[in-house]
Amino acid sequence: MKLSQRITHLTGGSSDGWDVFYRARRMISDGYAVTELTIGEHDIRTDPSILEAMDLSARQGHTGYAMVPGTDLLRDTVAARLQARTGVPTTRNNVLITPGGQSALFAAHVAVCDPGDVGLFLDPYYATYPGTIRGAGAVARAVQTTAEDTFQPRAEQIEAAVDGAVSLLINTPNNPTGVVYSRETLDDIATVCRNNDLWLISDEVYDTQVWDGEHISPRTLPNMAERTLVVGSMSKSHAMTGSRCGWVVGPEEVIGHLINLATHTTYGVPGFIQDAASFALNAGAELEEQIAAPFRRRRALAVGILEAQNTVGLIPAQGAMYLMLDIRATGLSGEGFANALLDTHAIAVMPGESFGSAAAGHVRVAMTIDDDRFATALNTICEFAADLADQHAVTA
Ligand code: PMP
């Protein structure tokens with residue numbers, strides 16, 4: 001039977017670049033002790049106070065269909081949070097609650113892209129981006145950023161790719177690079193969007209994980225609230241990855257249409273999850289800082305370790321739970337390095353190439369194991385890279 005182009009072409013057909021990850025998982029299930037630094041999941045679980053709120057809500061009966069746009073309480077809480085952080089007037093009518101940020105990314109693209117329209121995204125990118133854009137029926141077009149620019153996008157490069165484009169997807173703080181976009185970068189992006197009548201889809205799921213500088217939401221920039229759809233999530237800020245609770249914030253008209261989309265796709269998010277999310281957000285910044293703290297500590301550890309050697313380069317680790325390491329001095333690709341590291345030292349990291357061609361020659365390290373093991377693994381990575389670089393210097 002024939003299947004749709006949309007579904008058969010969703011992943012682009014080629015290898016998904018996650019071979020090292022799958023190999024590490026197989027080694028673990030075969031009983032090997034592998035140090036896992038691949039995926040972005042906290043090493044703590046959801047806080048017991050949030051689980052209690054979830055339990056209480058479920059026991060009080062919030063196990064039926066919830067309001068499709070989200071509960072009034074959670075929509076008001078998300079609106080107040082964004083307004084407090086950005087100063088942009090925001091009400092519940094600007095908010096759709098979704099089953100996680102991923103579903104919000106998909107919904108945002110469905111809202112603005114017609115079949116055949118181009119959706120722009122920046123390389124390196126979070127693994128699902130191109131498939132999400134294609135899933136919405138659009139053509140996914142990557143715009144390169146470079147390690148030399150510390151992966152801050154440049155307006156000229158976006159301008160050069162803008163033909164046929166209706167949207168631009170950005171992510172700051174960034175996965176996989178750990179970079180936080182500067183005000184200058186965001187001003188330039190906003191100018192490109194205004195000049196070319198692009199929607200800006202701003203993935204801000206790491207907005208509570210900023211180690212250096214400040215997170216600026218582009219929704220705050222002049223005349224941007226009307227063309228920006230902000231994607232947010234409870235996953236990273238509150239260690240609630242499995243609860244599947246996120247949102248799209250944007251102009252009322254768009255949210256109205258997205259409520260129709262939700263009615264015909266997800267039919268909302270469980271009420272007890274939304275009540276737990278409302279509780280968690282109202283618990284305030286202290287709980288968020290407690291959840292971010294291990295990454296803040298490990299990032300400081302990492303900076304110390306990397307400063308003490310000169311083989312591995314560190315892309316400025318300004319935010320999110322990852323380090324992007326430049327291992328080009330070894331002469332290996334990110335993929336070659338990650339495979340060799342797994343074979344010789346049983347440490348699993350993601351090849352930069354898994355996130356697009358712009359991060360070739362890099363590896364992404366998730367800061368998601370306890371501090372001692374993390375520091376040991378990072379030291380091993382640096383020593384391994386130094387040996388490879390010596391050999392490379394002799395043979396080159
Ligand atoms: N955006 C980025 C950049 C991510 O890293 C992730 C998860 N790793 C998501 C969106 C989706 O997160 P969730 O669906 O759990 O909210």
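Just so you know, ligand 1 is whichever comes first in the structure, and atom 1 is the first atom listed for that ligand. Values reported hereafter were calculated over all heavy atoms of this structure, with side chains retained and with hydrogens, waters and symmetry mates removed. When a residue number appears, it is its place in the shown sequence, counting from 1.
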Any N or O of [X] closer than 3.5 Å to N or O of ligand 1:
X: Tyr322; answer: no
X: Tyr129; answer: no
X: Gln102; answer: yes
X: Thr241; answer: no
X: Leu105; answer: no

Can you confirm whether the side chains of [X] and [Y] place a donor and an acceptor under 3.5 Å from each other?
X: Asn175; Y: Arg364; value: yes
X: Ser182; Y: Glu184; value: no
X: Glu288; Y: Ser237; value: no

Just jot down the ligand 1 atoms closer than 4.0 angstrom to any heavy atom of [X], in number order.
X: Asn171; answer: 3 (C)
X: Gly101; answer: 13 (P), 14 (O), 16 (O)
X: Lys236; answer: 7 (C), 8 (N)

- Task: For the residue pair Phe151 and His362, categorise the inter-ring angle as parallel (less than 30°), tilted (30 to 60°) or perpendicular (more than 60°).
- Result: perpendicular
> Between His42 and Phe295, what is the ring plane arrangement, given parallel below 30°, perpendicular above 60°, and tilted in between?
Replying inline: tilted
Quick look: Arg244 vs ligand 1, heavy-atom contacts under 4.0 Å, and the answer is side chain
Does the ring centre of Phe355 sit less than 6.0 Å away from the ring centre of Tyr126? no
Nearest heavy atom to atom 15 (O) of ligand 1, choosing from Ser243, Ala320, Ser235, belongs to Ser235
Ranking Gly232, Ala127, Ser233 by closest non-hydrogen atom to atom 16 (O) of ligand 1, top hit is Ser233
### Query
Between Arg219 and Glu204, is there a side-chain N and carboxylate O pair less than 4.0 Å apart?
no
query: Would you say Phe384 and Thr344 make side-chain contact, with heavy atoms under 4.5 Å?
result: yes
If you define the side chain from C-beta out and look only at heavy atoms, does anything of Ile189 sit under 4.5 Å from Pro153? yes
Atom 9 (C) of ligand 1 has as its nearest protein heavy atom Tyr126 CE2, 3.6 Å
The closest protein heavy-atom partner of atom 10 (C) of ligand 1 is Asp203 OD2, 3.4 Å
